[in-house]
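In each ligand, atom 1 is the first atom listed, and ligand 1 is the first ligand listed. The shown structure was predicted, so the numbers you read here are calculated from the model rather than taken from an experiment. Numbers here simply count residues along the sequence, with the first being 1.
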Amino acid sequence: MPINFLTTPIDYLNGVGPARADLLRKELGITNYGDLANFFPNRYVDRTKFHKIGQLVPEAAQVQVIGRLISIGTAGAGKATRLVATLADDSGRMELVWFKGQKFFKDSLKTNEVYVVYGKVSRYGSMYSIAHPDIELLKEFKGRQHTAMTPIYPSTEQLVKRKLTNQYFVRLMRQLYSEIKSAFFETLPDDLMRDQQLMSKNEAMHQIHFPSSNKALQQAMKRLKFEELFFIQMELLLQNRIRKTKIKSYAFETVGDHFHNFYNYNLPFELTGAQKRVVKEIRADMANGSHMNRLLQGDVGSGKTIVAVLTCLLAIDNGFQACIMAPTEILAQQHYAGVSELLAPTGLNVSLLTGSVKTKDRRVIHEELEDGSLNILIGTHALIEDKVKFQNLGVAIVDEQHRFGVAQRAKLWKKNDFPPHVLVMTATPIPRTLAMSLYGDLDISIIDELPPGRKEIQTVHRYDKDRLRVFKFIKDEIAKGRQVYIVYPLIQESETLDYKDLMDGYESIVREFPNPQYQVSIVHGQMKPDDKDYEMQRFVKGETQIMVATTVIEVGVNVPNASVMIIESAERFGLSQLHQLRGRVGRGADQSYCILMTSHKLSAEAKTRLETMVRTTDGFEIAEVDLKLRGPGDIMGTRQSGVMELRIADIVKDNELLAQARNAAIKFLNEDPSIGLDKHQSVRRVMNHLQNKKGLWKYIS
Ligand code: ADP
Ligand code: MG
């Protein structure tokens, strides 16, 4: 059987001795023939063309150059130490630079020899350079055949050191395929392959290593990406089905007095259509006896809080308690203030638990939680400490969860016989298909409508030299009775420097906006919680007109009269952070403004971020740009969802294929929910293996 053939240990392959087998296992996780076949190139290069150094252009991407190495030596000091070599041909000179493996290259490269060099060029001043080039002696290069689509395999420092070069892998693949021939079983059913016009498994596995044409390579990649995404989607869909049928939770069947009275008599405003819709979705989800695990996406200011409150009331109507967990102390306090105010007419018992609550008060909270007289507990991670025991927690609401780890969320579940329903609220929306694929175990509700009467925030980008004009603008707005935020970046690694920036900024603001005409608040991470709170409250009450702060105000803070957001060194913030910060204004009826201040030195990426902010206030659009800039690695929870282990597909770039794969998986499971049909045996086989959780590709090969 082919599959057994592919499980042959890698040591058996010609060209792999025990030492190299060890290295392949350790560095790449390659233990057998199948693993090696599934070690895909990460790009393909044209090794038949050469460039002249004198004719390089700044936009050139990957270039191949032949030249003589005329010098090599170390430059810079400390962390900036690097190895720099000069390469010359008859048209000019360029530099080659290494930050990693310096000793190895210093020892192995020889001056006066002629090399073939390949890599991405950049230009510094008038000098072109390539960092970490592929480099090989010309005479060795000439000893081999070169194609216009030479595969380049991923490498590691250890592999480079131990001379497992790209050429080595190319040779190894040739050896492997001469032994295994067409050993791959077809994982996808015929009709699916026909629908999607996919290449066969065997052909794709061959083309990916030895492309015969660009077209064939594209088809091979499409086939393998589709396969990878399809099986991940199958798994997510099955997991979701299992959760819905197997994990029981409390059925909140009644919609009772608390909900009705509040809804009919105490709502401070009419809900938007989107709010009504998601409340319905949540209600239905909590009523059917299965466990709710729902993500509520809604842009900043879209009104998630009221949805949270109504969700709590549903739990209370059914005899349960509820909790709301926030990522920071300030946010927890704001939630507490907001929720208490909303629920004041109801007589429900709401408490706040954070790290700074006194032991005495804490004891009362613990008692009331256990005897059931406390209805809603709001707080920070203090909520998930072991001492905190609810009598009967029915729903846990987690706000802005990108700050919470998955493990922390899981801890909330351990408080009961049944897991409480979970509602996770986020203001960092991502496109729906992507969200469903990333968090397959979550259901999703989206608030895609802002409360009426909001004016779009006007956003501009200004340079430091425009500062006087900006000050003038601030004065005019304050004269109209508005309040202003001025935010400074905080980057952990250089906290003292940032602190100095903030303090310098604060001093110049106080000079420009002197007492007693102006009052200026300041809030930053190094203040005691009490002082922070005092300063925040002064701003909230309108006693100060300007709030100078670090990003502690990033999430949640709600001061409707604040209508101007100035972000200093805006180029240092990420897109979603900028969007969150901007969301602090535009909460009242007045026209609001966001001013992004930067220096003149901006990277291309920073420019894109700033332009995006100026162009749109749509959180979904911003999230999409952000995703393209940063990749999915930074999105909350992706590391746990297995999506980061994708071998060939790219969840952002291949999002269309992802949607197709998801739809195909849904269609498949509709037709054959138990994967029992004869024609689906191969799929069944992959899914069975997947259940053992040993990594996808081990089993689709
Ligand atoms: P977020 O989704 O950012 O948490 P909030 O729940 O804090 O948003 O709501 C933002 C502001 O909008 C609050 O001042 C809230 O009172 C107000 N708001 C929420 N929903 C509505 C609505 N349907 N009509 C009018 N104002 C609303
Ligand atoms: Mg909020």
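Within ligand 1, counting atoms from 1 as listed, the ones closer than 4.0 Å to a heavy atom of Thr305 are 4 (O), 5 (P), 6 (O), 7 (O). With ligand atoms numbered from 1 in the order given, ligand 1 contributes 22 (C), 23 (N), 24 (N) to contacts under 4.0 Å with heavy atoms of Glu270. Here is the list of ligand 1 atoms found below 4.0 Å of a heavy atom in Leu271: 23 (N). Of all atoms in ligand 1, listed by their number and element, those nearer than 4.0 Å to a heavy atom of Arg587 are 3 (O), 7 (O), 10 (C). Remark: ligand 1 atoms within the under-4.0 Å shell around heavy atoms of Arg454 are 10 (C), 11 (C), 12 (O), 17 (C). Residue contact check: Thr272 has heavy atoms under 4.0 Å from atoms 23 (N) of ligand 1. Here is the list of ligand 1 atoms found below 4.0 Å of a heavy atom in Ser302: 2 (O), 8 (O).
Residue contact check for ligand 1: Pro560 places no non-hydrogen atom closer than 4.0 Å to it.
Of the N or O atoms in Gly301, one or more lie within a sub-3.5 Å distance of an N or O in ligand 1. Of the polar atoms of Gly303, at least one N or O is found under 3.5 Å from an N or O of ligand 1, judged by distance alone.
Residues Arg615 and Glu621 are paired through a salt bridge, judged by an N-O separation under 4.0 Å between the basic side chain and the carboxylate.
None of Arg294, Gln297, Lys280 except one satisfies the side chain to side chain donor-acceptor pair (under 3.5 Å) rule with Ser445; the exception is Arg294.
The proximity of Asp299 to ligand 1, defined as any non-hydrogen pair under 4.0 Å, is limited to the backbone.
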